[in-house]
**Student:** 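First, the structure itself, so that you have it in front of you.
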Amino acid sequence: MDEKEKKIQLLKLDELASLLFIGAILISIFLTQNQINKYEEKPYYETYKIELGNRLFVLGIIISFLYISIENYEIAKNENKDLKPFILQIIASVITLIAGLITLYIVYYNRTIDEADIENPEV
């Protein structure tokens, strides 16, 4: 596969990951509204599994963005471009991955604590 085709594939993957991230945000909005309903004593759902699943889903998206960053770095390296912006993007992706792992841990660790204490953290 040549560089141009690889760039197109990476852009399509980026587009898909971005759309999936929008889906994760919509799920987070549902979870937040559900929490509001709980405190307003309206019907609500127990959502631990949804929260955990959404965090795992977001973690997968973050990993795909990290992959895209690494692949773009490799392409830039092969094209003898300035690598600093690509290195910074990889660092940002790694930091986001760490934040995603921490958020996942918080949801898992606090599964028996009132959700208001960990109110739907976002990455």
**Student:** May I ask whether V94 and V58 are part of the same hydrophobic cluster, defined by side-chain heavy atoms of I, L, V, M, F, W, Y residues being less than 4.5 angstrom apart, directly or through others?
**Tutor:**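 Same cluster: V94 reaches V58 through Ile, Leu, Val, Met, Phe, Trp or Tyr contacts under 4.5 Å.
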**Student:** Between S18 and F65, is there a side-chain heavy-atom distance shorter than 4.5 Å?
**Tutor:**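 With C-beta onward as the side chain, the pair touches.
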**Student:** Which value, rounded to the nearest 0.5 Å, describes the distance between L31 atom CG and L26 atom CG?
**Tutor:**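 If I round to the nearest 0.5 Å, the distance is 11.0 Å.
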**Student:** For residues F57 and I102: do they belong to one hydrophobic cluster (side chain heavy atoms under 4.5 Å, members Ile, Leu, Val, Met, Phe, Trp, Tyr)?
**Tutor:**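 F57 clusters together with I102.
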**Student:** How about I75 and K7: do any of their side-chain heavy atoms sit closer than 4.5 Å?
**Tutor:**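 Sidechains of K7 and I75: in contact.
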**Student:** According to a 4.5 Å side-chain heavy-atom criterion applied to Ile, Leu, Val, Met, Phe, Trp and Tyr, with indirect links allowed, do L16 and L56 form part of one hydrophobic cluster?
**Tutor:**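 In one cluster: yes.
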**Student:** Please name the pair of heavy atoms, one in N54 and one in S28, separated by the smallest distance, quoted to 0.1 Å.
**Tutor:**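 Looking at all heavy atoms of both residues, the shortest contact is ND2-OG, 3.2 Å.
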**Student:** Distance check, rounded to the nearest 0.5 Å: L66 atom CG versus E71 atom CD?
**Tutor:**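 With rounding to 0.5 Å, CG (L66) is 10.5 Å from CD (E71).
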**Student:** With side chains defined as the heavy atoms from C-beta onward, is the minimum distance between Y108 and Y48 less than 4.5 Å?
**Tutor:**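 With C-beta onward as the side chain, the pair touches.
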**Student:** Taking side chain as C-beta onward, heavy atoms only, is I91 less than 4.5 Å from I95?
**Tutor:**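 They are in side-chain contact.
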**Student:** Testing the basics here: between I62 and S93, what is the closest heavy-atom pair and its distance to 0.1 Å?
**Tutor:**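 Reported closest heavy-atom pair: CG2-O, 4.2 Å.
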**Student:** Are more than 12 heavy atoms from other residues, nucleotides or ligands located less than 6.0 Å from atom CD of E41?
**Tutor:**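 No, CD of E41 has 12 or fewer neighbouring heavy atoms, counting only those of other groups under 6.0 Å.
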**Student:** Shortest non-hydrogen contact from L59 to G100?
**Tutor:**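 Result for this residue pair: CD1-C, 3.9 Å.
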**Student:** Taking a hydrophobic cluster as the set of Ile, Leu, Val, Met, Phe, Trp and Tyr residues connected by side-chain heavy atoms closer than 4.5 Å, whether directly or through intermediates, do Y67 and I61 fall within one such cluster?
**Tutor:**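 Yes; tracing contacts between hydrophobic side chains, which count when under 4.5 Å, links both residues.
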**Student:** Would you call I50 and Y45 a side-chain contact if the rule is heavy atoms closer than 4.5 Å?
**Tutor:**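 I50 does not reach Y45 side chain to side chain.
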**Student:** To the closest 0.5 Å, what do you measure between NZ (K77) and CD1 (I87)?
**Tutor:**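 Between K77 NZ and I87 CD1, I get 9.5 Å after rounding to 0.5 Å.
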**Student:** If we check side chain to side chain contact (heavy atoms under 4.5 Å, CB included) with Y44, which of these qualifies: Q33, Q35, K38?
**Tutor:**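 Exactly one option meets the side chain to side chain contact (heavy atoms under 4.5 Å, CB included) with Y44, and it is K38.
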**Student:** At what distance, to the nearest 0.5 angstrom, does CD of Q89 lie from CD1 of I70?
**Tutor:**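 Going from the CD atom of Q89 to the CD1 atom of I70 covers 11.0 Å.
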**Student:** Does the side chain to side chain contact (heavy atoms under 4.5 Å, CB included) test come out yes or no for I25 and I29, once each step is laid out?
**Tutor:** CA-CA 6 Å; I25 290 170; I29 291 169; 4.2 Å; yes
**Student:** Compare every heavy atom of L97 with every heavy atom of I63, then report the nearest pair and how far apart it is.
**Tutor:**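 In this case the closest contact between I63 and L97 is CG1-CD1, 3.8 Å.
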**Student:** Please name the residue in the list L83, N78, I68 that meets the side chain to side chain contact (heavy atoms under 4.5 Å, CB included) test with Y73.
**Tutor:**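 The single option meeting the side chain to side chain contact (heavy atoms under 4.5 Å, CB included) with Y73 is L83.
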**Student:** Look up atom CG in N34 and atom CD in E46, then write down how far apart they are to the nearest 0.5 Å.
**Tutor:**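 Spacing of CG (N34) from CD (E46) equals 8.0 Å.
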**Student:** Between CD of E5 and CD of E3, what distance do you get to the nearest 0.5 Å?
**Tutor:**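 So the gap between those two atoms works out to 10.5 Å.
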**Student:** Please examine the side chains of L101 and Y105, heavy atoms only from C-beta on, and report whether any two atoms are closer than 4.5 Å.
**Tutor:**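 When only atoms from C-beta onward are counted, L101 and Y105 do not touch, as no gap falls below 4.5 Å.
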